[in-house]
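Down below is the structure, laid out as structure tokens.
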Amino acid sequence: MSCILQQTTTILLPVIECSAPSRIIILLSDAHLSASPEGILFDSINDKSALGSFNRYGQSKLANILFTSHWQRVWKERMFWRIQCIMVSFINTQGISNINPADNSFANWLALVAGKFLAPYIAKSPETASLIPLYVATSPEIREKNYRDQYFVPVSKLGSPSKQAQDKALRDKLWTFSEASVNKALQN
């Protein structure tokens with residue numbers, strides 16, 4: 001999961017803190033809505049047959065939101081900003097064509113059809129999609145309004161993630177799971 005990589009970011013906190021005021025921007029997508037009803041399937045997290053590829057991607061995006069929320073809660077007294085940022089979820093890039101056609105889940109099939117046939121007509125260009133992170137990284141308004149742990153939607157408006165993404169118990173369970181996974185990997 002990509003949140004495991006973010007867990008290792010804690011090693012960089014002294015550098016980030018010395019660079020204050022700093023902004024940490026996590027790029028997300030609406031794909032977090034495609035996570036399983038349970039949110040994150042911790043018991044089968046490495047089992048590729050437990051979820052279709054698009055649902056696994058959604059689970060990963062949900063984990064990123066939860067992880068960032070935990071970060072903000074734990075380190076809120078520090079003088080740097082952490083902002084959740086949603087990237088336009090349907091961007092016309094080569095990633096759209098990397099969906100596995102052998103995956104028979106409905107969500108994967110829908111993503112495959114949308115990517116192959118609709119992307120040229122309705123997907124955002126990478127240039128347009130880059131406006132949100134550019135705004136969050138550079139706008140003085142972020143500091144002036146003291147935005148922390150916010151979720152931005154196109155183009156540069158405050159939004160709200162799913163109820164799962166706001167689940168505090170799931171957030172805390174993910175942190176514990178991620179921390180244990182990183183510690184185990186470091187011991188090997």
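What you see is a predicted model; the values in this text were computed from it and never measured.
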Could you grab the distance from atom CD1 of Ile45 to atom OG of Ser178, nearest 0.5 Å is fine?
-> 7.5 Å
Check whether any side-chain N or O of Gln150 sits under 3.5 Å from a backbone N or O of Leu158 as a donor-acceptor pair, and report yes or no.
-> no
Excluding sequence neighbours, so at least two apart, what forms side-chain contact (heavy atoms from CB on, under 4.5 Å) with Ser44?
-> Leu41, Asp47, Ala50
Pair Ser36-Leu51, side chain to side chain contact (heavy atoms under 4.5 Å, CB included): steps then yes or no = CA-CA 8 Å; Ser36 72; Leu51 289 172; 4.1 Å; yes
Check whether any side-chain heavy atom of Trp175 lies under 4.5 Å from a side-chain heavy atom of Leu66, and answer yes or no.
-> no
Scanning both residues in full, the closest heavy-atom pair of Gln164 with Pro37 reads NE2-O, 2.9 Å
Rounded to the nearest 0.5 Å, how far apart are NE2 of His70 and CG of Leu174?
-> 9.0 Å
List for me each residue that meets side-chain contact (heavy atoms from CB on, under 4.5 Å) alongside Asp43, sequence neighbours excluded, and say none if there are none.
-> none
Identify, with sequence neighbours excluded, every residue that meets side-chain contact (heavy atoms from CB on, under 4.5 Å) alongside Lys168.
-> Arg171
Are any side-chain N or O atoms of Asn55 and backbone N or O atoms of Ser34, one a donor and one an acceptor, separated by less than 3.5 Å?
-> yes
side-chain contact (heavy atoms from CB on, under 4.5 Å) partners for Leu131, two or more places apart | Val155
Hey, could you give me the NZ/CG distance between Lys163 and Leu33, rounded to the nearest 0.5 Å?
-> 13.0 Å
Output all residues satisfying side-chain hydrogen bond (donor to acceptor under 3.5 Å, both in side chains) with Glu127, sequence neighbours left out; order by chain, then residue number.
-> Ser125
CG of Leu170 to CZ of Phe42, rounded to nearest 0.5 Å, is 5.0 Å
What's the spacing between Lys61 NZ and Arg56 CZ if we round to 0.5 Å?
-> 14.0 Å
Whether His32 side chain and Ser162 backbone form a donor-acceptor pair below 3.5 Å = yes
For Gln166, side-chain hydrogen bond (donor to acceptor under 3.5 Å, both in side chains) partners two or more places apart | none
Rounded to the nearest 0.5 Å, what's the gap from CG on Asp167 to CG on Leu62? Could you check?
-> 9.0 Å
